[in-house]
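Working notes, structure below.
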Amino acid sequence: MDVSFLGGPGPQRGVGVVAPFDFALDRELWRWTPDDVSLHVTRTPYVPVEVSLDLARVISEHETLRDAVSTLTEVTPEVVAYACTSGSFVGGVMGEHAMCEAMSRAGSVPAVTTSGALLEALVELDVRRLALVTPYTVSVTRALEEYVAQAGVTVTGCAYMSLTRQIWKVTYREVVDMARRAAVRGRLGAADALFLSCTNLPTYDVIPQLEAELRIPVISANQVTMWAALRRLGTWAVGPYQALIDTSARSGTGTGTGIGTGTGTGSALPAAGPVVPTGSVLPEGQEPPDVRGVHGVSDAQGVPGAQGVSGVPDEKQQEGWT
């Protein structure tokens with residue numbers, strides 16, 4: 001069969017992705033990627049450390065990032081992205097900026113990180129009050145809260161899982177249950193948006209369902225990473241019914257600017273969409289049931305840990321909620 005008339009595949013633009021050695025959700029990144037863009041993924045070297053602040057510091061060292069970016073130069077990506085949330089917020093806002101500069105110098109292309117992309121997304125959606133879901137331990141979760149606080153964002157509620165390994169095995173049901181907890185309106189008021197942290201936490205399919213139920217934008221680590229990287233190419237991610245990406249899923253007005261549409265919003269209210277059938281956001285003052293076992297409570301500042309389960313160290317708690 002003569003196929004010469006096909007002319008071969010169309011031209012592809014490249015996004016280089018530096019991921020931690022334990023990253024397991026390559027397929028999820030591709031789901032946000034349009035057909036004319038290819039992802040070129042490399043990983044940081046293995047280190048025998050569990051998910052923790054120590055690991056975040058090790059895998060975000062500038063030398064490690066420069067070496068990883070250098071492995072991508074032959075395929076000439078137009079942008080490089082560091083796909084790790086904790087690794088990019090552990091040094092604070094200034095540390096994240098320095099990481100981008102180190103990566104950009106190594107690859108001679110623009111660079112983004114997951115945590116930097118998070119702050120871009122919050123500006124895009126005009127978010128000043130944020131609820132958080134993390135799979136992390138108390139100390140890593142607290143570091144994320146401090147990071148967004150440096151950007152002037154108030155954390156209204158947070159649910160965390162205290163996991164130190166195999167985060168990619170968390171189920172969608174667990175993500176949804178934790179999101180409902182974090183989004184409960186408390187003494188700090190209601191959130192403008194919800195962030196699902198960690199690039200190893202599966203989130204693609206639950207975003208539209210949570211936005212329809214909670215009536216606020218829901219953004220996730222992998223989503224914002226791909227959204228920000230693709231913006232550097234002048235294109236946009238693929239995410240139907242996801243308010244950050246699909247501006248038809250937004251309503252109202254705000255200061256953000258949708259790519260290619262010139263529209264934006266301070267709150268995203270999907271007009272329609274599937275809703276996860278079980279559970280609901282609980283009224284103020286009512287505590288939700290446990291999802292995974294041991295239950296921790298936050299301190300007065302909304303930071304998990306200070307009022308943990310009696311006799312159980314904070315870092316060993318299976319789950320927390322503020």
Side-chain angles (χ1 to χ4, degrees), residues 25 28-29 31-33 81-86 88-89 96 112-136 141 144-145 147-148 151-160 170 172 175-176 178-183 190-231 236-252 254-259 263-270 273 276:
L25 297 182
E28 181 161 282
L29 292 182
R31 296 182 72 182
W32 274 292
T33 307
Y82 180 45
C84 181
T85 321
S86 61
S88 53
F89 68 61
E96 190 277 333
V112 300
T113 74
T114 299
S115 295
L118 166 62
L119 299 188
E120 286 186 35
L122 297 182
V123 171
E124 169 78 7
L125 296 169
D126 194 21
V127 173
R128 295 175 176 84
R129 303 167 64 79
L130 184 67
L132 299 175
V133 168
T134 90
Y136 310 132
T141 299
L144 174 57
E145 295 198 5
Y147 174 79
V148 298
V153 176
T154 299
V155 174
T156 61
C158 178
Y160 63 97
V170 173
Y172 277 159
V175 173
V176 169
M178 298 295 283
R180 289 173 178 148
R181 292 182 177 211
D192 299 325
L194 171 73
F195 177 55
L196 307 173
S197 189
C198 189
T199 54
N200 240 351
L201 188 71
T203 60
Y204 188 96
D205 294 302
V206 301
I207 291 173
Q209 286 87 343
L210 284 171
E211 288 186 329
E213 177 181 333
L214 301 178
R215 312 301 290 173
I216 56 176
V218 175
I219 55 180
S220 76
N222 282 330
Q223 180 203 46
V224 298
T225 303
M226 295 310 304
W227 169 80
L230 291 165
R231 288 222 300 184
W236 49 92
V238 179
Y241 306 111
Q242 298 179 18
L244 177 63
I245 294 166
D246 182 357
T247 54
S248 67
R250 306 182 191 181
S251 67
T255 58
T257 304
I259 300 171
T263 61
T265 180
S267 64
L269 305 177
V276 177

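All values below come from the heavy atoms of this structure, side chains included, with hydrogens, waters and symmetry mates left out. This one's a predicted model, so the numbers in the text were calculated from it and none came from an experiment.
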Between CD on residue Glu213 and CD on residue Glu211, distance to nearest 0.5 Å: 12.0 Å
Grab the two heavy atoms, one from Pro217 and one from Leu125, that are nearest each other, plus how far apart they are. CB-CD1, 3.8 Å
In the structure I gave you, are the side-chain heavy atoms of Trp236 and Leu230 within less than 4.5 Å of one another anywhere? no
Quick one: closest heavy-atom pair of Ala221 and Phe195, and the distance? N-CE1, 3.6 Å
Is the closest side-chain heavy-atom distance between Leu201 and Ser220 below 4.5 Å? no
State, to 0.1 Å, how close Ala131 and Ala191 come at their nearest heavy-atom pair, and which atoms those are. N-CB, 3.7 Å
Heavy-atom check, side chain of Thr199 versus side chain of Leu29, under 4.5 Å: no
If you round to the nearest 0.5 Å, how far is OG1 of Thr156 from CG of Leu132? 8.0 Å
Please check if the side chain of Asp246 supplies one atom and the backbone of Tyr241 the other of a donor-acceptor pair under 3.5 Å. yes
Is the backbone of Thr203 close enough, under 3.5 Å, to the side chain of Glu28 for a donor and an acceptor to pair up by distance? yes
For Trp227 and Glu124, what are the C-alpha separation, side-chain angles and deciding distance, and is it a side-chain contact (heavy atoms from CB on, under 4.5 Å)? CA-CA 11 Å; Trp227 169 80; Glu124 169 78 7; 3.8 Å; yes
Where the side chain of Arg128 meets the backbone of Thr154, is there a donor-acceptor pair that is under 3.5 Å apart? no
Side chain to side chain, Leu122 and Ile219, heavy atoms closer than 4.5 Å: yes
So which pairs with a foot in residues 196-207 pass salt bridge (Lys or Arg N to Asp or Glu O under 4.0 Å), sequence neighbours left out? Arg31-Asp205
Could you tell me which residues satisfy side chain to side chain donor-acceptor pair (under 3.5 Å) with Thr134, sequence neighbours excluded, listed by chain and number? Thr141
For Ser86, the side chain to side chain donor-acceptor pair (under 3.5 Å) test, sequence neighbours excluded, returns none
Is it the case that the side chain of Thr113 and the backbone of Ser88 share a donor-acceptor pair, with hydrogens and angles ignored and the cut-off at 3.5 Å? no
Residues at least two apart in sequence or cross-chain that pass salt bridge (charged side-chain N to carboxylate O under 4.0 Å, His left out) with Glu120, listed by chain then number, are Arg231, Arg232
Tell me every residue that passes side chain to side chain donor-acceptor pair (under 3.5 Å) with Gln242, counting only those two or more places apart in sequence or in another chain. Trp32, Gln223
Asn200: partners by side chain to side chain donor-acceptor pair (under 3.5 Å), with sequence neighbours left out: none
With rounding to the nearest 0.5 angstrom, report the CG to CG distance, Leu210 to Leu196. 6.5 Å
Could you tell me the separation between the OH atom of Tyr136 and the SG atom of Cys158, rounded to the nearest 0.5 Å? 10.5 Å
Point-to-point distance, once rounded to the nearest 0.5 Å, from CG of Leu244 to CE of Met226: 12.5 Å
With a 3.5 Å distance limit and no angle check, can you tell me whether Thr85 reaches the backbone of Ser115 through a side-chain donor-acceptor pair? no
Please report the shortest heavy-atom distance between Val224 and Thr114, naming the atom on each side. CG2-O, 3.8 Å
State, to 0.1 Å, how close Ile245 and Gly239 come at their nearest heavy-atom pair, and which atoms those are. CG2-N, 3.6 Å
Give me the ring orientation class for Phe89 and Tyr147: parallel if the planes are under 30° apart, tilted from 30 to 60°, perpendicular past 60°. tilted
For Leu194 and Ile216, which heavy atoms make the closest approach, and how far apart are they? N-CD1, 3.9 Å
